[in-house]
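Below is one structure, written out as structure tokens, with a few remarks after it.
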There are 2 protein chains.
Amino acid sequence: MDSTAGRRPTVKDVARIAGVSQGTVSNALSGMRGVDPETRQRIDQAIATLGYIPNLAARRMRTGRTNTIAVMTSMPAAVSAGSSRLGFLMEIAASAAIHALDYNSALVLVPPVADPAVALRHVAMDGAIVIEPQTDDAFLLLLKRRGVPVVVIGQPASVDLPWVDMHYYRTAEMLLAHLLTQGARRIALIVGTSSRVSHHVTLERYESWMLLEGIPPCVIYVPEADGEDGSYRATLDLLRSNPDIDGIFASIDAFASGVMRALRDMGRAVPSDVRVVTRYNGLRAREERPALTAVDLHLDQIAALATRLLMDLIAGREIERITAGPIPSLVVRGSS
Amino acid sequence: MDSTAGRRPTVKDVARIAGVSQGTVSNALSGMRGVDPETRQRIDQAIATLGYIPNLAARRMRTGRTNTIAVMTSMPAAVSAGSSRLGFLMEIAASAAIHALDYNSALVLVPPVADPAVALRHVAMDGAIVIEPQTDDAFLLLLKRRGVPVVVIGQPASVDLPWVDMHYYRTAEMLLAHLLTQGARRIALIVGTSSRVSHHVTLERYESWMLLEGIPPCVIYVPEADGEDGSYRATLDLLRSNPDIDGIFASIDAFASGVMRALRDMGRAVPSDVRVVTRYNGLRAREERPALTAVDLHLDQIAALATRLLMDLIAGREIERITAGPIPSLVVRGSS
DNA sequence: TGCCTTGAGTAAAACGTTTTAATGCGCGAC
DNA sequence: GTCGCGCATTAAAACGTTTTACTCAAGGCA
């Protein structure tokens with residue numbers, strides 16, 4: 001009668017077969033302490049014959065480490081998931097998952113849902129990457145309460161956390177410069193209502209530049225949660241009240257989709273009547289006809305950077321509070 | 001002197017403050033057994049004052065449940081991740097992550113890397129969704145060894161596992177019918193070399209139909225790992241040896257990108273000289289110029305279905321071995 | 001009244017690992 | 001010869017939950 005019948009083999013079984021103690025097996029497994037080569041071989045042998053697989057839950061409970069990081073954003077699904085549910089979040093997640101492997105970690109994908117507490121209830125993690133948090137971001141508050149190390153992609157508004165700079169200012173500048181170069185004179189900015197640094201910086205750069213150019217600024221605020229439709233309606237209103245608009249800067253790609261639809265419905269040609277640019281070079285920017293001029297933020301590199309920083313933070317190494325991400329590059333397309 | 005100083009509060013602390021035993025706190029938390037309303041309130045009170053957060057690792061160790069599912073595919077990154085790293089895998093992952101929440105579960109994203117054993121080393125899961133496995137799929141073998149419940153998206157080749165039917169046959173039929181309707185007569189099929197049911201079925205339908213139409217079949221095999229470049233070279237060869245080709249069915253979107261590049265380089269116009277279609281309606285299909293006719297596989301619905309099935313399986317409920325996914329729909333674009 | 005059931009509660013065991021403190025042993029230095 | 005040291009090893013503790021087996025009191029029923 002095999003005493004391991006039915007059960008999955010444990011360290012205890014391995015120890016018994018190899019004729020050593022549990023502790024020695026553990027040492028052989030982790031390599032933390034010296035084990036005699038001959039002993040180690042016996043242990044490896046036992047592991048192979050038993051088909052032993054470590055119980056990760058027990059290991060995690062004992063060590064307190066989960067070898068897991070999480071990626072999340074409080075951007076509402078209407079804009080962060082968007083058409084085909086792909087976008088910003090997923091692009092970063094894909095890259096982070098690959099790079100997390102280099103640090104023996106798995107990545108859990110926290111979907112953008114209404115209640116962050118629900119989303120995090122069953123997520124155990126050593127650290128988290130939070131994308132473009134808003135002021136008093138629910139995810140950041142929860143993570144802080146739990147004491148989870150965090151690296152932010154984009155600039156956090158209120159809290160003091162390490163972050164990867166996505167060059168909001170420069171991005172806005174590139175897009176505005178491009179619109180002006182292409183001949184746009186009456187440029188409108190469509191921006192989300194939530195309090196995010198990306199919005200503030202974009203808005204600030206827009207307003208200061210318009211002032212400089214002597215162009216009356218025209219800013220439209222749309223709640224992120226209203227997504228494409230909200231932007232559609234706002235653009236219709238905009239064009240009725242300001243028919244001379246000849247350039248539109250949509251700060252979120254879902255908004256850009258609404259803008260394009262509104263322009264089509266109003267019979268405005270793009271780019272001849274109105275030039276349109278947006279920030280995130282995602283599915284929507286590419287699929288739109290004409291395709292949208294946008295900015296390649298190099299999210300894969302940003303995610304790789306954020307992952308590395310987070311791992312350093314978790315390991316207790318000192319990291320800079322601000323890390324510059326790759327310089328974004330303009331992708332000029334038919335819409336401008 | 002507070003005895004909870006430094007430590008994070010545990011069930012023991014909560015029990016002490018509330019004046020009950022650990023077991024009662026656990027019962028109140030899980031709702032598994034009756035707890036007097038008045039007692040429950042005292043416990044809730046204690047939890048609030050202490051800021052108690054359950055230790056998930058301990059819970060998992062005790063219950064054996066991780067409240068986590070994983071999504072993975074053995075498709076090489078060259079084709080599964082593709083341009084911008086988005087695509088098939090991520091589209092399914094995004095949807096599965098959201099639906100997993102309905103079952104109090106988190107989703108871990110297992111990236112497509114060379115060594116599946118490495119990718120899974122630190123992943124604890126109650127079940128897994130495996131996308132389009134190949135014959136003797138490394139992920140499936142590992143999962144089987146671990147005894148992890150699995151639901152397959154697409155048809156598994158060798159093993160007997162529950163799966164969600166993506167209608168390979170019908171998909172191939174739709175694309176072929178479309179090419180023929182559009183006037184293509186010499187149709188070539190570009191397919192991966194790995195042994196996957198999707199390839200076999202597509203190939204089978206292609207050959208039988210070509211036989212029926214009296215068209216000599218022309219199949220090109222490209223290793224998935226060679227991705228777009230491999231397809232590019234294969235297409236150049238194809239067009240040199242078979243200059244009368246007027247239709248190309250690329251079974252993988254990365255291959256379609258290579259096809260389009262080759263056609264451009266050879267000076268063939270799309271769609272007038274050659275019509276091109278592909279299967280997965282991802283970023284590549286949409287970004288290509290002209291955009292590619294493709295098939296909307298409704299991956300979000302498929303992922304939702306697979307998630308539900310997996311949860312049923314984990315819960316020990318009986319599930320069908322085969323579940324029909326949504327019927328794919330043709331998305332006609334400029335390339336045909 | 002006596003017996004059985006039910007419901008709330010408790011003390012202790014159990015989950016499988018890593019870590020700690022202790023042990024024994026061989027070996028070089030004194 | 002003995003002391004001290006380093007090294008491999010061990011037995012037992014510890015991690016924080018859930019579950020088990022048990023107690024006790026209250027209440028229904030014959």
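In what follows, chains carry the letters A, B, and so on, assigned in the order in which the sequence lines appear, proteins first and then strands, with residues in each chain numbered from 1.
Counting non-hydrogen atoms under 4.0 angstrom, Ser30(B) reaches nothing in the nucleic acid. Nucleic acid contact class of Arg33(B) (heavy atoms, under 4.0 Å, all strands): base. In this structure, Thr63(B) reaches the sugar-phosphate backbone alone: every heavy-atom distance under 4.0 Å involves primed, P, OP1 or OP2 atoms, never a base. Backbone-only engagement by Gly34(B) is indicated by non-hydrogen atom pairs under 4.0 Å involving sugar-phosphate atoms exclusively. At a threshold of 4.0 angstrom between heavy atoms, the contacts of Thr10(B) are confined to the sugar-phosphate backbone, with no base atom among them.
For Leu141(B), the side-chain contact (heavy atoms from CB on, under 4.5 Å) test picks out no residue, with sequence neighbours left out.
Environment of CD in Glu320(B): sparse, with no more than 12 heavy atoms of neighbouring residues, nucleotides or ligands closer than 6.0 Å.
For DNA chain C, each stem of at least three Watson-Crick or G-U pairs (distances under 3.5 Å) is given as range with range: C:1-30 with D:1-30.
Closest of all the heavy-atom pairs between Phe139(A) and Pro116(A) is CE2-CB, 3.6 Å.
Here the rule is side chain to side chain contact (heavy atoms under 4.5 Å, CB included) with Val14(B), and of Asp44(B), Val25(B), Thr24(B) only Val25(B) fits it.
The distance from atom CD of Gln22(B) to atom P of dC22(D) is 20 Å, rounded to the nearest whole Å. Straight-line distance from the CZ atom of Arg16(A) to the C1' atom of dT10(D): 17 Å, rounded to whole Å.
By the 4.5 Å heavy-atom criterion applied to side chains, Arg308(A) and Asp102(A) are not counted as neighbours. Using a 4.5 Å cut-off on side-chain heavy atoms (C-beta onward), Arg321(B) and Asp160(B) make contact. Side-chain atoms of Ile302(A) and Met166(A), non-hydrogen and from C-beta on, do get closer than 4.5 Å to each other.
Where DNA chain C meets chain B (any atom under 4.0 Å from a heavy atom), the bounding nucleotides read 5' to 3' are dA8(C) to dG16(C).
Between Arg8(A) and Asp13(A) there is no salt bridge, since no side-chain N of the basic residue sits under 4.0 Å from a carboxylate O of the acidic one.
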